[in-house]
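Computed from a predicted structure; not experimentally measured. Each chain gets a letter, A, B and so on, in the order the sequences are listed, and its residues count up from 1.
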Number of protein chains: 2
Amino acid sequence: MKSDIDPLEQRSRSDQIAQTLEDQILTGRFAPGARLDEASLAEEHNVSRTPIREAFHRLAQSGLVVQQPRRGVFVRVSSPVEILEMFEVMAELEAACGRLAARRATDADIAELRQAEIECRAACDAGDIDLYYLKNGIFHHLLYAQSGNGYLEQEASRLHRRLKPYRRMQLFLRGRLQQSMDEHAAIVGAISAGDATQAAALLRDHVAVQGEKFHHVMSHLPKT
Amino acid sequence: MKSDIDPLEQRSRSDQIAQTLEDQILTGRFAPGARLDEASLAEEHNVSRTPIREAFHRLAQSGLVVQQPRRGVFVRVSSPVEILEMFEVMAELEAACGRLAARRATDADIAELRQAEIECRAACDAGDIDLYYLKNGIFHHLLYAQSGNGYLEQEASRLHRRLKPYRRMQLFLRGRLQQSMDEHAAIVGAISAGDATQAAALLRDHVAVQGEKFHHVMSHLPKT
DNA sequence: TTCATAGTTTTCGTATACAAGACGGTTGAC
DNA sequence: GTCAACCGTCTTGTATACGAAAACTATGAA
């Protein structure tokens with residue numbers, strides 16, 4: 001079952017560096033548009049330029065940075081439009097997961113999903129936004145897995161990760177947490193009932209709202 | 001407008017090699033499971049191992065090959081299950097394109113789509129499978145663009161390309177061409193009518209059928 | 001005959017070196 | 001004074017070299 005993952009267990013240095021850089025970009029250490037310097041990063045990680053370059057390639061492929069020939073690599077400036085587009089696709093992917101999960105999820109799966117939902121609610125009630133954020137991620141990844149489609153799971157996870165920073169900021173909007181919670185409950189209900197259409201629609205809206213909220217956040221931000 | 005693309009115009013040698021290798025894999029020069037040897041490929045392209053390695057990274061990220069640390073890179077063996085999964089995702093992505101296009105396509109867009117459909121039919125009537133294959137690709141890419149979502153367009157195109165070899169083989173199944181043609185007409189009709197739900201459903205089925213047909217083809221093949 | 005272990009060989013991962021292109025500053029001319 | 005061209009420096013892209021890890025093979029023992 002996990003034979004696909006096993007070979008990746010032993011990762012090379014460059015892969016580790018790519019992971020680190022990705023985290024640093026997503027958490028904001030490198031601002032959008034900033035240039036990533038091979039030499040200084042090599043020095044910082046105590047490696048030569050080669051692993052850094054390999055890491056850059058990974059990041060470029062995942063879309064986090066852009067490489068300009070003979071110029072260097074820059075943290076991609078995702079325009080609000082692009083981000084909204086990604087949220088729109090995320091909504092469709094999650095809807096697809098829901099549609100399939102409604103047909104394929106076993107009783108054990110649903111119990112697991114319900115448990116995740118409960119833990120989300122607990123975190124919400126405790127006012128622990130970090131914990132909610134974590135549990136919410138688990139909830140959604142469970143859903144991806146329950147689509148029974150490994151490729152879909154992988155793609156959904158990829159985009160989910162990509163949208164991480166933008167999803168987080170809108171958690172702080174007043175009332176969003178409770179609303180999101182209620183949506184989770186409805187989603188679990190639909191899947192549990194085997195209602196594929198309903199599950200898909202609920203999930204599409206659930207994520208689409210995140211895009212809208214992001215729009216709100218953007219409009220409140222000082223314009224650059 | 002095309003400032004995003006401009007820098008890529010001047011591509012490095014490694015990018016060209018990656019492109020070449022990708023084509024060669026998709027067209028079957030390298031069989032699934034075959035090992036890609038850095039040294040011999042470097043010699044063949046008259047470059048050192050470095051650009052080859054960079055090309056490998058690109059291919060690995062796009063999922064065409066897998067890199068096993070200290071083992072080498074291998075053309076990914078996509079199991080029938082994986083391919084069916086990809087068709088399922090493709091169906092959802094195209095459905096999403098249709099849903100959005102039904103709301104966003106302009107009259108000019110629809111005229112363009114209808115024109116593409118006519119050219120498909122012409123190729124079909126002429127019995128020119130290669131031409132049909134080409135026109136069919138144009139039809140679908142138009143649809144992706146008309147979703148009005150650049151990210152969705154990009155992702156759909158990526159997966160479309162990935163499934164290229166598997167889609168082609170099922171074109172030869174008896175009766176599939178005519179059936180596919182009728183589906184196209186219905187899809188254009190739904191989008192033209194602005195019926196998002198119908199367009200999405202038609203497209204999902206249209207692509208899902210391809211997955212099923214692939215399944216048929218597989219079952220007729222001598223088992224490896 | 002079969003299995004295990006040790007040695008050899010291959011090739012991967014990283015380091016370093018070198019070449020070519022791009023950016024910036026300075027200088028000269030109009 | 002301003003603009004353009006040229007030169008220097010910096011950074012990327014590619015080549016080459018070296019160390020290490022894994023696979024293969026052969027040999028010996030059970």
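Asp15(B) has its CG atom 13 Å from the C1' atom of dT14(D), to the nearest Å. Computed from coordinates, the Arg35(B) CZ to dT10(C) C1' distance equals 9 Å when rounded to whole Å. Summarising the geometry, the separation between CD on Gln67(B) and P on dC12(C) is reported as 10 Å, rounded to the nearest angstrom. One can place CG of Asn46(A) at 14 Å from C1' of dT14(C), the figure rounded to the nearest angstrom. One atom, CD1 of Ile52(B), and another, P of dT14(D), lie 11 Å apart when rounded to the nearest Å. Phe74(A) has its CZ atom 9 Å from the P atom of dC23(C), to the nearest Å. When rounded to the nearest whole Å, the span between CD of Glu38(A) and P of dT14(D) equals 12 Å. Taking atom CD of Gln68(B) as the reference point, atom C1' of dA21(D) lies 15 Å away to the nearest angstrom.
For Leu36(B) and Thr50(B), each mapped to the nucleotide of DNA chain C holding its nearest heavy atom, the one lying further toward the 5' end belongs to Leu36(B).
Which of dC23(C), dT14(D), dT11(D) sits closest to the side chain of Ser14(B) comes down to dT14(D). Side-chain proximity of Asp37(B) to dA15(C), dT11(C), dT12(D): nearest is dT11(C).
OP1 and OP2 of dA15(D) both lie 4.0 Å or more from every side-chain N or O belonging to Arg53(B). Contact annotation: Arg13(A) does not reach the phosphate of dG13(C) (side-chain N/O to OP1 or OP2, under 4.0 Å).
Between His184(B) and Tyr132(B), the angle of the ring planes stays under 30°, which puts this pair in the parallel group of the 30/60° scheme.
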Practice task
Using the side chain to side chain contact (heavy atoms under 4.5 Å, CB included) rule, take His45(B) and Gln16(B) through it: C-alpha gap first, then chi angles, then the decisive distance, then the call.
Solution key: CA-CA 10 Å; His45(B) 290 271; Gln16(B) 295 173 26; over 6 Å; no

Handout entry: Verdict with supporting geometry, Val75(A) and Leu64(A), side chain to side chain contact (heavy atoms under 4.5 Å, CB included)
Key = CA-CA 6 Å; Val75(A) 178; Leu64(A) 270 171; over 6 Å; no

Exercise for the section: Check step by step if side-chain hydrogen bond (donor to acceptor under 3.5 Å, both in side chains) holds for His206(A) and Glu183(A). Expected result: CA-CA 7 Å; His206(A) 176 61; Glu183(A) 288 162 6; 2.4 Å; yes

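Put simply, the side chain of Arg49(B) and the base of dG13(C) share a donor and an acceptor less than 3.5 Å apart.
A donor atom on one side chain and an acceptor atom on the other are found under 3.5 Å apart for Tyr144(B) and Glu94(B).
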